[in-house]
Amino acid sequence: MKQQYLGIILHSNLANGRLSGEIILEDLQLTFQQDTYKYSINYSDLQIELGGSNQSLVFLKNKKHDTLTLYTSDKSILKNPIFQNFNELKEDIKKCNNQKNKTRIVLFSIIFIVLGGIASLYFSKNYFIEKLANQVPRSWEKSAGDHLFTTLTSDYIVLKNDSIEQQFRLASNKLLSTIEKEHIKIDLYFIKEPSINAFALPGGKVIIQSGLIEKANSWEEVLGVLSHELAHVTRRHHLRGVINNIGLFTVISTLVGDVSALAGTFANIGGELASLSSSREFELEADETGWNYLVKSRVNPEGLISFFETLQKEEKVKLSLKNKKIMSFLSTHPDTEERINKLKNKKTNVSFQKINMDYNAFKLLVKRATLTK
Ligand SMILES: [Zn+2]
């Protein structure tokens with residue numbers, strides 16, 4: 001067993017007020033020694049205590065002479081069997097050991113809390129992004145969407161036929177008014193594009209391709225797709241995606257409580273919005289929210305499932321390059337199979353209202369409009 005420990009003595013009479021040297025444990029006393037300087041405490045006068053930050057030091061006090069402080073950071077001194085020969089010291093060491101355990105518990109708790117905090121921050125990232133997105137005025141999203149629409153329409157042939165929109169609005173009246181209760185105005189556009197797709201722009205523009213109208217078999221199927229697109233708008237997926245892309249922490253630090261700072265950032269991300277590929281979570285959330293909108297509007301939501309099944313039957317759905325870039329109805333992630341299964345688990349007991357409008361007549365109307373373009 002070692003009998004010597006590094007120690008420090010503090011006293012106002014010493015040069016610098018302190019001296020470091022060695023604590024030597026002898027049979028009846030301990031002695032601090034540094035060159036010619038010597039200071040001894042009889043074990044009968046000794047008191048042992050923990051102190052310092054995190055109780056990391058062992059203080060060796062002289063009960064008879066308390067103006068002098070002697071301590072060591074070497075806790076192994078507590079294990080020295082010599083102290084066990086003195087009842088009072090035995091008690092002191094027991095107390096020290098209890099204190100050591102307590103400190104350890106507190107330390108572990110702190111580490112646990114800090115790690116837990118980091119973990120929960122990570123997992124609640126989406127929550128923060130949503131909270132932050134909700135601070136951004138809808139009008140900013142709208143101007144970003146309008147700007148994007150102007151860019152896109154140079155590539156598209158928009159079907160300018162009033163009765164197409166009239167018929168469509170009539171059939172989707174209930175669904176659209178469910179959305180408008182959230183104070184969002186929806187603009188509808190129909191474009192001549194043979195591939196099967198529809199997409200939404202931030203702020204409320206929804207673009208439906210003629211190929212989708214052609215492929216669908218009922219109003220319920222088309223409204224299923226529409227409800228999904230509307231959910232992208234109401235759930236602010238574009239904006240949340242952008243915040244996620246540029247980094248939540250960057251956004252928070254630029255904001256420092258001031259939302260207007262984000263205006264500049266958002267104004268410059270028109271290009272970024274266009275390159276937003278649909279995220280898996282957003283697609284699933286849009287399916288789920290869209291389903292709920294359909295139920296609320298008393299439109300049979302099975303249409304959403306049956307349209308997915310129609311798509312599955314297609315040999316291979318071709319996505320045009322343009323469509324891959326925007327949050328469009330068709331996406332490769334998640335796959336259609338998964339989306340169908342998720343929706344099939346959402347059973348509902350509500351009774352639905354049949355849409356009493358001839359879908360085939362509408363299809364024909366769109367077909368004719370594409371031919372005259
Ligand atoms: Zn989508």
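Whatever order the structure lists them in is the order used to number ligands and atoms, beginning at 1.
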So how far is it from Leu57 CG to Thr72 OG1, rounded to the nearest 0.5 Å? 8.0 Å

Vertex the Zn ion (ligand 1), ends His228/NE2 and His232/NE2: angle to nearest 10° comes to 100°

Does His237 bring an N, O or S atom to within less than 2.8 Å of the Zn ion (ligand 1)? no

Does the gap between the ring centers of Phe32 and Tyr39 come in under 6.0 Å?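 Centroid separation for Phe32 and Tyr39: 6.0 Å or greater.
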
Should Leu14 and Ile23 be regarded as members of a common hydrophobic cluster, given that ILVMFWY residues are connected when their side-chain heavy atoms come within less than 4.5 Å of each other, either directly or indirectly?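 Same hydrophobic cluster.
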
Are Thr178 and Ser297 linked by a side-chain donor-acceptor pair shorter than 3.5 Å?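 Indeed, the side chains of Thr178 and Ser297 share at least one donor-acceptor pair under 3.5 Å.
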
The Zn ion (ligand 1) - name of the N/O/S atom of Glu283 that sits closest to it: OE1

